[in-house]
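Below, each value reflects all heavy atoms present in this structure, side chains not excepted, and no hydrogens, waters or symmetry copies.
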Amino acid sequence: MTTYWLIYLIPLSFALSPRSFNREAKTFLLAMFGLILIFTIGLRERVGGDWLPYLLQFQQAKNTNIFDVFDKPDIGYSFFMWISAQLGWGIYGTNLICAI
């Protein structure tokens, strides 16, 4: 949790900075901050109480076909998990897709 609070210090430091940035610099900094968030969220490991159930669900997704995805209660997440499993990206690929 500390990591997430520290990440919030990045935009806070820019907001409180006496320096003014032009439009291109602001766009670039916002994009970089977005990438930091995407990779921090997408590449996390063993976070939350639902980590093991998601790993088990991912193992099942490896051995199913695309039509089985539509029988799941959470179609969107199951679809991303199935794509990640088929491409060999692992659970991290699923997390990265969801973070984006």
Side-chain angles (χ1 to χ4, degrees):
M1 192 67 177
T2 305
T3 303
Y4 295 105
W5 284 109
L6 291 174
I7 287 174
Y8 288 131
L9 291 177
I10 296 171
L12 179 66
S13 65
F14 286 116
L16 298 177
S17 172
R19 183 173 178 193
S20 179
F21 296 98
N22 63 22
R23 184 179 177 111
E24 290 82 18
K26 287 180 185 178
T27 302
F28 176 77
L29 292 172
L30 184 61
M32 290 298 106
F33 180 66
L35 286 174
I36 289 170
L37 285 177
I38 287 169
F39 284 110
T40 301
I41 293 168
L43 298 178
R44 63 195 173 140
E45 183 174 354
R46 296 185 186 129
V47 177
D50 53 0
W51 179 259
L52 289 177
Y54 282 140
L55 282 179
L56 292 174
Q57 189 178 355
F58 182 80
Q59 292 300 322
Q60 292 172 351
K62 283 193 212 179
N63 302 320
T64 62
N65 62 40
I66 186 66
F67 300 108
D68 292 335
V69 169
F70 299 109
D71 291 333
K72 305 286 183 184
D74 190 355
I75 295 172
Y77 186 76
S78 298
F79 179 69
F80 292 148
M81 190 174 282
W82 183 83
I83 288 175
S84 181
Q86 300 309 309
L87 295 174
W89 294 349
I91 192 70
Y92 303 105
T94 306
N95 289 342
L96 277 170
I97 293 169
C98 290
I100 291 169

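Annotation for P11 and I7: closest pair CD-O, 3.3 Å, computed over non-hydrogen atoms. For the pair G49 and P53, the tightest heavy-atom approach, listed with the atom from each and the gap, is O-CD, 4.1 Å. Across S84 and G90, no two heavy atoms sit closer than the pair OG-O, 2.5 Å.
Listed by first then second residue, pairs satisfying ring-ring contact (aromatic ring centres under 6.0 Å, His included) with a partner in residues 57-93 read Y54-Y77, not counting sequence neighbours.
The closest donor-acceptor contact from the side chain of S78 to the backbone of D74 lies under 3.5 Å. Side-chain atoms of N95 do not come within 3.5 Å of backbone N or O of C98 as any donor-acceptor pair.
Both I66 and I83 belong to a common hydrophobic cluster when Ile, Leu, Val, Met, Phe, Trp and Tyr are linked at side-chain heavy-atom distances under 4.5 angstrom. L12 and L6 fall within the same hydrophobic cluster, where Ile, Leu, Val, Met, Phe, Trp and Tyr residues are linked whenever their side-chain heavy atoms come under 4.5 Å apart, directly or through other members. Hydrophobic clustering (ILVMFWY, side-chain heavy atoms < 4.5 Å, transitive): I97 and L87 are in one cluster.
Here the side chains of I91 and M81 are in contact, with some heavy-atom distance below 4.5 Å.
In this structure, the separation between OG1 on T64 and CD on Q59 is 11.5 Å, given to the nearest 0.5 Å. Rounded to the nearest 0.5 Å, atoms OG1 (T94) and CD (Q57) are 9.0 Å apart. Summarising the geometry, atom CZ belonging to F21 is positioned 5.5 Å from atom CG belonging to L29; distances are rounded to the nearest 0.5 Å. Here the CG atom belonging to D50 is positioned 10.0 Å from the CG atom belonging to L55, to the nearest 0.5 angstrom.
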Show the atom names and distances, to 0.1 Å, of all donor-acceptor pairs under 3.5 Å that link a side chain in residues 30-43 to residues at least two apart or in another chain.
unit_1, atom_1, unit_2, atom_2, d
T40, OG1, I36, O, 2.7

